[in-house]
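Hydrogens, waters and symmetry mates play no part in the numbers below; they use all other heavy atoms, side chains included.
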Amino acid sequence: MTMLLRSRQQRELMPKTLEGQITMEKTPSYFVTREAPARISAMSRDTKLIVVVRDPVTRAISDYTQTLSKKPDIPSFESLTFKNRTTGLIDTSWSAIQIGIYAKHLDNWLQYFPMDQILFVSGERLISDPAGELGRVQDFLGLKRIITDKHFYFNQTKGFPCLKKAEGSSKPHCLGKTKGRTHPNIDPEVVQRLRDFYRPFNMKFYQMTGRFFGWDD
């Protein structure tokens with residue numbers, strides 16, 4: 001009963017969609033929220049799911065950088081990474097680390113949705129080849145490939161592509177100030193420990209998705 005009520009409430013939050021239109025909703029925490037797959041499945045089993053993933057080590061450092069910008073007095077990345085640095089035991093209870101264990105989260109989603117309803121988008125390729133990666137998104141949604149290379153330019157200051165012209169505007173559009181922050185220098189040994197930690201989870205994720213993301217190169 002609770003699930004049905006939540007399902008109804010979720011539908012009411014969505015904008016009305018005409019036949020032939022696609023409604024999209026974005027919430028970064030869905031993929032790692034234990035209850036999300038069941039709730040979304042109860043709302044609509046035909047929902048197509050798109051998940052943007054990036055190198056979990058870089059993602060953890062980026063997560064820390066965002067928090068650091070709001071709370072400059074937080075402990076160092078190195079101290080938060082380990083339960084015990086001497087033994088090298090990674091603290092998987094820290095959300096910045098936990099989120100990057102993609103295979104674990106995907107296991108939860110596959111209990112409610114088949115893999116062909118889930119598209120994993122490479123965060124790295126969104127930077128190196130935005131049109132190509134968005135082409136995969138358009139194909140997945142059954143849309144004509146309208147977005148192409150001509151819609152983007154590379155912003156050297158931010159370090160990632162921006163739209164040459166946003167819809168309804170004559171001006172270029174880039175992601176806001178919270179994106180593209182310079183990461184702090186992290187002890188290379190800690191970075192390597194994290195790479196070793198994530199490697200088996202990454203390999204399982206590659207096998208599950210049928211796509212090699214190249215995070216272990």
Side-chain angles (χ1 to χ4, degrees), residues 26-41 47-68 74-130 132-134 136-137 140 160 179-181 183-217:
K26 180 194 77 168
T27 301
S29 62
Y30 278 166
F31 185 57
V32 298
T33 300
R34 186 78 189 167
E35 301 79 14
R39 292 177 180 174
I40 294 174
S41 177
T47 297
K48 288 190 173 183
L49 307 160
I50 301 173
V51 186
V52 181
V53 290
R54 64 189 298 198
D55 181 333
V57 177
T58 307
R59 201 221 64 79
I61 297 171
S62 179
D63 191 318
Y64 175 79
T65 303
Q66 293 277 12
T67 304
L68 185 65
I74 62 172
S76 69
F77 180 87
E78 289 84 350
S79 64
L80 290 170
T81 296
F82 299 102
K83 283 186 177 180
N84 186 317
R85 187 164 181 179
T86 303
T87 62
L89 185 62
I90 303 294
D91 188 356
T92 57
S93 67
W94 184 28
S95 63
I97 301 295
Q98 173 71 220
I99 291 171
I101 308 176
Y102 302 133
K104 174 184 175 183
H105 306 305
L106 179 54
D107 266 334
N108 188 32
W109 283 89
L110 291 178
Q111 294 179 44
Y112 298 91
F113 292 93
M115 185 63 82
D116 61 8
Q117 281 179 230
I118 310 174
L119 177 70
F120 287 91
V121 174
S122 166
E124 288 80 15
R125 286 187 60 80
L126 276 178
I127 295 174
S128 64
D129 181 21
E133 203 63 6
L134 287 174
R136 294 180 64 245
V137 172
F140 176 68
F160 48 73
K179 305 298 181 183
R181 285 195 177 101
H183 290 179
N185 291 322
I186 306 298
D187 184 338
E189 180 187 349
V190 174
V191 173
Q192 188 57 53
R193 290 280 187 91
L194 277 175
R195 294 215 171 279
D196 293 341
F197 166 76
Y198 279 119
R199 187 169 292 107
F201 296 110
N202 290 345
M203 292 303 173
K204 182 180 178 184
F205 184 65
Y206 299 161
Q207 291 172 351
M208 295 170 78
T209 60
R211 187 175 187 193
F212 178 71
F213 289 87
W215 299 324
D216 307 284
D217 290 354

Q: Quick one: pull up CG in Leu49 and OH in Tyr30 and give me the separation to the nearest 0.5 Å.
A: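 Going from CG on Leu49 over to OH on Tyr30, the span is 10.5 Å.
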Q: Testing the basics here: between Ile97 and Tyr198, what is the closest heavy-atom pair and its distance to 0.1 Å?
A: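 Where Ile97 meets Tyr198 most closely, the heavy atoms are O-OH, 2.7 Å.
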Q: Any carboxylate oxygen within less than 4.0 angstrom of a Lys/Arg side-chain nitrogen, looking at Asp107 and Lys104?
A: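 Salt bridge: no.
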Q: Taking everything shown except Asn185 itself, do over 12 heavy atoms lie less than 6.0 Å from its CG?
A: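 Atom CG in Asn185 is not crowded, with 12 or fewer foreign heavy atoms closer than 6.0 Å.
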Q: Return the CG to OG1 distance between Asn84 and Thr86, rounded to the nearest 0.5 Å.
A: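 Those atoms lie 5.0 Å apart.
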Q: For the residue pair Ala96 and Ala60, what are the closest heavy atoms and their distance?
A: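 What the structure gives for the nearest pair is O-CB, 3.5 Å.
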Q: To the nearest 0.5 Å, what is the distance between CZ (Phe82) and CZ (Phe77)?
A: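 Spacing of CZ (Phe82) from CZ (Phe77) equals 8.5 Å.
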Q: Quick one: closest heavy-atom pair of Pro75 and Leu80, and the distance?
A: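 Here Pro75 and Leu80 meet closest at O-CD1, 3.8 Å.
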Q: Contact between Trp215 and Phe205 at the side-chain level, heavy atoms closer than 4.5 Å - yes or no?
A: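 In short, these two side chains touch, coming nearer than 4.5 Å.
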Q: Just wondering, do Phe113 and Ile40 contact through their side chains at under 4.5 Å, heavy atoms?
A: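 Yes - at least one pair of side-chain heavy atoms lies under 4.5 Å apart.
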Q: I need the Gln207 CD to Phe212 CZ distance, nearest 0.5 Å.
A: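 The distance works out to 12.0 Å.
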Q: For the atom pair CG (Asp91) and CZ (Arg85), what is the distance rounded to the nearest 0.5 Å?
A: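 Answer for the CG-CZ pair, Asp91 versus Arg85, is 14.0 Å.
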Q: Taking all non-hydrogen atoms of both residues into account, name the closest pair between Gly123 and Arg54 and its distance.
A: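 Of all heavy-atom pairs spanning Gly123 and Arg54, the closest is CA-CB, 4.4 Å.
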Q: side-chain contact (heavy atoms from CB on, under 4.5 Å), that's the test. Do Arg136 and Leu119 meet it? Break it down for me.
A: CA-CA 9 Å; Arg136 294 180 64 245; Leu119 177 70; 3.3 Å; yes
Q: Okay, side chain of Gln98, backbone of Thr92: is any donor-acceptor separation there less than 3.5 Å?
A: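 Answer holds: yes.
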Q: I want to check something: taking the side chain as every heavy atom from C-beta on, are Leu106 and Ile118 in contact at a cut-off of under 4.5 Å?
A: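 Yes, side chains in contact.
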Q: For the side chain of Thr33 and the backbone of Ser29, is there at least one donor-acceptor N/O pair under 3.5 Å apart?
A: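 Checking the backbone N and O of Ser29 against the side chain of Thr33, a donor-acceptor pair under 3.5 Å is found.
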Q: Rounded to the nearest 0.5 Å, what's the gap from CD1 on Ile99 to NE2 on His105? Could you check?
A: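 Output value for this atom pair is 7.0 Å.
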Q: I'd like to know if the side chain of Glu124 reaches the main chain of Asp55, judged simply by a donor and an acceptor atom lying under 3.5 Å from each other, with no hydrogens or angles considered.
A: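 Yes, Glu124 side chain to Asp55 backbone: donor-acceptor pair under 3.5 Å.
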Q: Side chains of Phe120 and Phe31: does their closest heavy-atom pair fall under 4.5 Å?
A: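 Contact flag for Phe120/Phe31 side chains = yes.
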Q: Answer whether the closest heavy-atom distance between the side chains of Ser122 and Glu133 falls below 4.5 Å.
A: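 Yes. Closest side-chain heavy atoms under 4.5 Å.
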Q: If I compare all heavy atoms of Val190 with all of Glu78, which pair ends up nearest, and what's the gap?
A: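 Result for this residue pair: CG2-CG, 3.5 Å.
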Q: Start with the C-alpha gap between Tyr206 and Asp216, add the side-chain angles, then the distance that decides, and say whether side-chain contact (heavy atoms from CB on, under 4.5 Å) holds.
A: CA-CA 11 Å; Tyr206 299 161; Asp216 307 284; 2.9 Å; yes
Q: Nearest heavy-atom pair of Tyr102 and Arg59: which atoms, and what distance?
A: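 The pair with the smallest heavy-atom distance is OH-CD, 3.6 Å.
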Q: Testing Val57, Thr81, Ile101, Leu89 one by one against Phe197 for a side chain to side chain contact (heavy atoms under 4.5 Å, CB included), which residue passes?
A: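 Among the candidates, only Ile101 passes.
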Q: Under the criterion side-chain contact (heavy atoms from CB on, under 4.5 Å), I'd like the reasoning laid out for Ser62 against His183: C-alpha separation, chi angles, the key distance, then a yes or no.
A: CA-CA 7 Å; Ser62 179; His183 290 179; 3.6 Å; yes
